[in-house]
Amino acid sequence: MVNHFLKFSDIAPEEIQPILDRAIALKSGATSNALVGKSVAILFEKPSLRTKLSFWVGTEKLGGSPVHFAPEEIGLGKREPVADVAQVMSRMSDIAVIRTFEQSTIEEFAKNASIPVINALTDAEHPCQALADTQTITEQLGSVKGANVAFIGDGNNVAVSLGYAVAGLGGHLTVASPDGYTVPAEKLEGANTYGAAAAGSMKQVTSPKEAVANADIVYTDVWTSMGQEAETAKRLVDFDGYQVNPELLDQASANVKFMHDLPAHPGEEISHGLLYDSRSVAFDQAENRMWTQAALMEKLIRS
Ligand code: NVA
């Protein structure tokens with residue numbers, strides 16, 4: 001049975017901390033030859049900076065060779081059926097890193113692949129981001145256990161994966177979203193079940209002020225995700241009042257840290273300059289993508 005990472009809960013809660021510990025060790029100079037002689041195929045249906053760069057360089061750090069395909073090169077499911085692309089990639093590479101719109105596309109890909117498949121973002125989840133986020137929280141607070149994390153914005157892919165990761169490590173995520181943009185009920189329930197043994201939790205509120213009270217971390221993501229560009233004008237109206245700015249951070253814990261998965265849209269979900277505020281750890285998050293994904297690939301290739 002091949003191990004995939006298609007959604008955060010594909011790893012058990014007790015597997016998270018060892019991945020983060022290994023990522024921190026790699027960041028501190030530990031070396032690995034886990035991918036020597038192996039190739040990682042990276043295939044995206046959407047644009048990417050951090051994900052492409054971090055998987056590419058992360059693969060090389062483990063001694064492997066990355067092979068990247070831009071969206072128009074493959075025509076996944078259009079020029080060639082998803083199942084056939086999965087089979088071809090499985091014959092010539094050792095890990096597939098896929099970014100798709102629909103979660104069902106990556107699920108279908110994985111069903112037809114005989115190599116580990118990693119979710120590099122879908123509309124439903126962004127599990128690799130959540131690994132980098134929890135590494136960053138660990139670096140900042142010493143541990144995710146007991147941490148209060150507030151997520152302000154759209155309850156979609158980034159918030160969902162973050163909820164599983166934080167709850168699975170015994171932290172508490174409060175998501176503040178306007179009506180119509182809340183975390184799907186089954187994901188909220190799923191994250192709470194996933195985090196139960198670690199006493200972690202995820203909850204949904206409407207008020208950003210309520211979410212940030214006592215928060216050690218305040219996190220936000222774009223209001224308009226990739227593929228939703230036609231809804232931009234409506235979303236600007238619907239998310240009015242959900243901007244993270246210095247005034248909102250001032251209402252959180254005294255030592256609060258600000259997080260963003262990037263790219264950011266200053267003037268929308270964050271105020272101008274917030275990424276460079278002394279409380280921002282957004283660029284640590286970006287770097288940590290590489291270390292956590294290297295640790296993940298090492299684990300998947302060896303299992
Ligand atoms: N929610 C955003 C995350 C970007 C990394 C999107 O899906 O576009």
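Numbering of residues begins at 1 and proceeds along the displayed sequence.
Y181 pairs by the ring pair (Phe, Tyr, Trp, His ring centres under 6.0 Å) definition with F239, not counting sequence neighbours. Evaluation of the salt bridge (Lys or Arg N to Asp or Glu O under 4.0 Å) rule for K111 yields no partner, not counting sequence neighbours. For E60, the salt bridge (Lys or Arg N to Asp or Glu O under 4.0 Å) criterion is met by no residue, not counting sequence neighbours. Not counting sequence neighbours, the partners of S303 by the side-chain hydrogen bond (donor to acceptor under 3.5 Å, both in side chains) test are N3. Under the rule for a salt bridge (Lys or Arg N to Asp or Glu O under 4.0 Å), the partners of R302 that lie at least two apart in sequence or sit in another chain are E298. Listed by chain and number, the residues in a side-chain hydrogen bond (donor to acceptor under 3.5 Å, both in side chains) with Q243 are N245 (sequence neighbours excluded). Under the rule for a salt bridge (Lys or Arg N to Asp or Glu O under 4.0 Å), K52 has no partner lying at least two apart in sequence or in another chain. Listed by chain and number, the residues in a side-chain hydrogen bond (donor to acceptor under 3.5 Å, both in side chains) with R99 are T51 (sequence neighbours excluded).
Taken to the nearest 0.5 Å, the CG atom of L62 stands 7.0 Å off from the CG atom of L26. Rounding to the nearest 0.5 Å gives a distance of 13.5 Å between CG of N112 and CE of M89. Taking CH2 of W291 as the reference point, atom CD of E139 lies at 11.0 Å (rounded to 0.5 Å).
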Side chains of residues 256-266: which donor-acceptor pairs under 3.5 Å do they make with residues two or more places apart or in other chains?
unit_1, atom_1, unit_2, atom_2, d
H260, ND1, L262, N, 2.8
H260, NE2, E269, OE2, 2.6

Side-chain donor-acceptor pairs under 3.5 Å in residues 8-17, sequence neighbours left out?
unit_1, atom_1, unit_2, atom_2, d
D10, OD1, K7, NZ, 2.8
D10, OD2, L6, N, 2.8
D10, OD2, K7, N, 3.2
E15, OE1, A12, N, 2.6
E15, OE2, K299, NZ, 2.6
Q17, NE2, D21, OD1, 3.0

Listing, residues 270-278 side-chain donor-acceptor contacts under 3.5 Å, not counting sequence neighbours, or none:
unit_1, atom_1, unit_2, atom_2, d
D277, OD1, R279, N, 2.8
D277, OD1, R279, NE, 3.1
D277, OD2, R279, NH2, 3.4

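F55 places a side-chain heavy atom less than 4.5 Å from the side chain of I118. At a threshold of 4.5 Å between non-hydrogen side-chain atoms, the residues L53 and V57 count as touching. Taking 4.5 Å as the limit, every side-chain heavy atom of L169 sits out of range of all side-chain heavy atoms of K145. Taking the side chain as every heavy atom from C-beta outward, V40 and V67 never approach each other to under 4.5 Å. F109 is not listed as a side-chain neighbour of Q87, based on a closest heavy-atom distance of 4.5 Å or more. A 4.5 Å side-chain heavy-atom check between N157 and T122 finds every atom pair outside the cut-off. Side-chain contact between L43 and V97 is absent, with no heavy-atom pair separated by less than 4.5 Å. For the pair D133 and V149, the minimum side-chain heavy-atom distance is 4.5 Å or more.
The two atoms that bring C128 and L296 nearest to each other are SG-CD2, 4.2 Å, heavy atoms only. Between D221 and N156 the shortest heavy-atom distance is OD2-OD1, 4.1 Å.
A 6.0 Å sphere centred on NZ of K203 holds no more than 12 heavy atoms belonging to other residues, nucleotides or ligands.
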Before giving the answer on side chain to side chain donor-acceptor pair (under 3.5 Å), spell out for T100 and E45 the whole-Å C-alpha distance, their side-chain angles and the decisive distance to 0.1 Å.
-> CA-CA 5 Å; T100 61; E45 280 187 335; 4.6 Å; no
Kindly indicate, with the supporting measurements, whether the criterion side chain to side chain donor-acceptor pair (under 3.5 Å) is fulfilled by S177 and Q204.
-> CA-CA 8 Å; S177 323; Q204 177 77 59; 3.0 Å; yes
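Using modelled atom types, no side-chain atom of S253 and backbone atom of N255 make a donor-acceptor pair closer than 3.5 Å. Of the possible polar contacts, none joining the N119 side chain to the F5 backbone as a donor-acceptor pair under 3.5 Å is found.
Between the side chains of E107 and Q103, at least one donor-acceptor pair of N or O atoms lies under 3.5 Å. Judged purely by distance below 3.5 Å, without hydrogens or angles, the side chains of N192 and S201 never pair a donor atom with an acceptor atom. Looking at Q293 and S54, their side chains do bring a donor and an acceptor atom within 3.5 Å of each other. Side-chain polar atoms of D179 and T206 form no donor-acceptor pair below 3.5 angstrom.
Of the charged side-chain nitrogens involved, at least one lies within less than 4.0 Å of a carboxylate oxygen, so that D123 and K46 count as a salt-bridged pair.
Other cluster members for M92: V88, joined by side-chain heavy-atom distances under 4.5 Å among Ile, Leu, Val, Met, Phe, Trp and Tyr.
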